[in-house]
Amino acid sequence: MFSSNEMRRLDHLISEIDAVYHEAAVKLTLSDSAMKILYTVLDSGGSCPLREVGILTGLSKQTLHSAVHKLAREGILQVEASGAKNKRLRFTEAGKQLAACTAAQLMAAENRVLAGWRPEEAELYLALTQRYLDEMKKELAKLKPPSAMRERTASEE
């Protein structure tokens with residue numbers, strides 16, 4: 001079991017990683033959500049179902065839709081119908097250029113970092129990160145809202 005010092009260290013590292021990605025977005029003159037969307041669409045070859053962008057970025061529906069509409073108004077993305085209820089995001093030419101000088105730089109930086117690791121280090125990091133994520137999802141499913149906790153405490157008295 002982790003000590004409170006180890007948990008603080010883990011929480012700090014997660015926060016610092018988030019801050020590094022935020023700093024990258026700011027340095028490349030994008031919002032965090034725009035960077036995540038551009039990154040995801042670029043990683044998908046320049047076109048990606050909107051639903052998949054939502055899943056891969058972790059953005060709330062409201063934030064995703066707001067950022068997508070802004071990028072579409074700016075001529076960066078096209079939002080296309082894809083079936084009866086689905087939509088697909090596709091880069092415009094301006095979007096391809098923007099992604100090439102923003103999200104592609106971030107991807108290249110990530111690749112340089114991982115290329116400096118031995119293959120087994122990279123695999124271990126990815127495997128442990130996936131395991132942590134999977135187990136945290138299970139734990140989050142067990143969380144109860146504060147009202148349920150108060151009701152349980154009151155009934156135990």
Side-chain angles (χ1 to χ4, degrees), residues 2 7-145:
F2 267 26
M7 285 309 304
R8 272 196 299 277
R9 182 175 175 210
L10 177 61
D11 291 342
H12 177 74
L13 289 171
I14 291 169
S15 294
E16 284 293 309
I17 290 169
D18 287 346
V20 165
Y21 279 88
H22 170 73
E23 186 179 329
V26 168
K27 187 171 186 173
L28 297 169
T29 68
L30 294 171
S31 67
D32 292 348
S33 52
M35 175 61 88
K36 288 178 178 183
I37 293 166
L38 292 177
Y39 185 108
T40 302
V41 175
L42 180 64
D43 193 45
S44 298
S47 174
C48 190
L50 179 60
R51 186 168 199 237
E52 190 172 325
V53 173
I55 292 167
L56 294 172
T57 62
L59 296 171
S60 71
K61 283 186 179 184
Q62 183 177 357
T63 300
L64 176 64
H65 287 248
S66 176
V68 164
H69 287 299
K70 184 175 187 298
L71 290 167
R73 280 193 313 272
E74 293 171 351
I76 304 301
L77 290 176
Q78 290 178 326
V79 180
E80 305 170 341
S82 178
K85 294 185 180 183
N86 298 315
K87 294 181 181 175
R88 183 170 202 81
L89 303 182
R90 185 178 308 282
F91 283 137
T92 63
E93 283 305 314
K96 289 177 188 176
Q97 292 173 5
L98 180 62
C101 60
T102 57
Q105 283 193 79
L106 184 57
M107 286 177 175
E110 292 169 330
N111 286 327
R112 286 190 301 272
V113 168
L114 289 177
W117 295 5
R118 293 189 317 270
E120 61 273 13
E121 290 174 322
E123 183 52 42
L124 179 61
Y125 176 77
L126 294 172
L128 288 173
T129 301
Q130 184 67 58
R131 181 176 167 191
Y132 180 82
L133 176 61
D134 293 344
E135 291 179 17
M136 277 303 295
K137 285 179 177 179
K138 289 176 189 172
E139 289 298 319
L140 290 179
K142 298 176 189 176
L143 296 180
K144 295 174 181 60

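In this chain, residues are counted from 1 in sequence order.
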For this session: Supply the atom-to-atom distance Q130 CD to L126 CG, rounded to the nearest 0.5 angstrom.
Result: 9.0 Å
Exercise. What's the shortest heavy-atom distance between A99 and L42, and which atoms?
Worked result: O-CD2, 4.0 Å
For this session: Can you tell me which residue pairs pass the side-chain hydrogen bond (donor to acceptor under 3.5 Å, both in side chains) test with a partner in residues 78-87, sequence neighbours excluded?
Result: E80-R90
Exercise. Distance from I76 atom CD1 to L71 atom CG, nearest 0.5 Å?
Worked result: 6.5 Å
Could you list the donor-acceptor pairs under 3.5 angstrom formed by side chains in residues 23-32, with sequence neighbours left out?
{"unit_1": "S31", "atom_1": "OG", "unit_2": "S33", "atom_2": "OG", "d": "3.3"}
{"unit_1": "S31", "atom_1": "OG", "unit_2": "A34", "atom_2": "N", "d": "3.0"}
{"unit_1": "D32", "atom_1": "OD1", "unit_2": "H22", "atom_2": "ND1", "d": "2.8"}
{"unit_1": "D32", "atom_1": "OD2", "unit_2": "H22", "atom_2": "ND1", "d": "3.0"}

Exercise. With sequence neighbours left out, what residues match E121 under side-chain hydrogen bond (donor to acceptor under 3.5 Å, both in side chains)?
Worked result: R118
Exercise. Does the side chain of H69 come within less than 4.5 Å of V79's, by heavy atoms?
Worked result: no
Exercise. Are the side chains of T129 and L133 in touch, meaning some heavy atoms are under 4.5 Å apart?
Worked result: no
Seminar exercise, completed: Applying salt bridge (charged side-chain N to carboxylate O under 4.0 Å, His left out) to E139 and not counting sequence neighbours gives K142
Exercise. For the residue pair A67 and I37, what are the closest heavy atoms and their distance?
Worked result: CB-CD1, 3.5 Å
Seminar exercise, completed: Rounded to the nearest 0.5 angstrom, the CG-NZ distance for L56 and K36 is 11.5 Å
Problem set entry | Spatial distance of atom CG (L128) from atom CD (E123) [nearest 0.5 Å] | 9.5 Å
For this session: Quick one: pull up CZ in R51 and CG in L64 and give me the separation to the nearest 0.5 Å.
Result: 12.5 Å
Exercise. Would a 4.5 Å heavy-atom cut-off, applied to side chains only, mark I17 and V20 as touching?
Worked result: no
Exercise. Is the number of heavy atoms from other residues, nucleotides or ligands within 6.0 Å of CD (E120) greater than 12?
Worked result: yes
Problem set entry | Where at least one partner belongs to residues 87-144, residue pairs that pass ring pair (Phe, Tyr, Trp, His ring centres under 6.0 Å), sequence neighbours excluded | W117-Y125
For this session: Could you note down all residue pairs passing salt bridge (charged side-chain N to carboxylate O under 4.0 Å, His left out) where residues 56-76 supplies at least one of them, sequence neighbours left out?
Result: K70-E74
For this session: Please name all residues satisfying salt bridge (charged side-chain N to carboxylate O under 4.0 Å, His left out) with R88, sequence neighbours left out, ordered by chain then number.
Result: none
Exercise. Can you name the side-chain hydrogen bond (donor to acceptor under 3.5 Å, both in side chains) partners of R9, sequence neighbours left out?
Worked result: none
For this session: Give the minimum heavy-atom separation between L98 and T102, together with the two atoms involved.
Result: O-OG1, 2.6 Å
Problem set entry | Set of side-chain hydrogen bond (donor to acceptor under 3.5 Å, both in side chains) partners for E93, sequence neighbours left out | K96
Problem set entry | Sequence-distant partners of T92, side-chain hydrogen bond (donor to acceptor under 3.5 Å, both in side chains), two or more places apart | none
Name each donor-acceptor pair under 3.5 Å that joins a side chain in residues 103-113 to protein atoms two or more places apart or in another chain, with its distance.
{"unit_1": "Q105", "atom_1": "NE2", "unit_2": "C101", "atom_2": "O", "d": "2.7"}
{"unit_1": "E110", "atom_1": "OE1", "unit_2": "Y39", "atom_2": "OH", "d": "2.3"}
{"unit_1": "E110", "atom_1": "OE2", "unit_2": "Y21", "atom_2": "OH", "d": "2.5"}
{"unit_1": "N111", "atom_1": "ND2", "unit_2": "M107", "atom_2": "O", "d": "3.2"}

For this session: Could you tell me whether the side chain of S44 and the main chain of T40 form a donor-acceptor pair under 3.5 Å?
Result: yes
Exercise. If you measure from CG on L10 to NE2 on H12, what distance do you get to the nearest 0.5 Å?
Worked result: 11.0 Å
For this session: Name all residues meeting the salt bridge (charged side-chain N to carboxylate O under 4.0 Å, His left out) criterion together with R131; count only those two or more places apart in sequence or in a different chain, and write none if there are none.
Result: E135
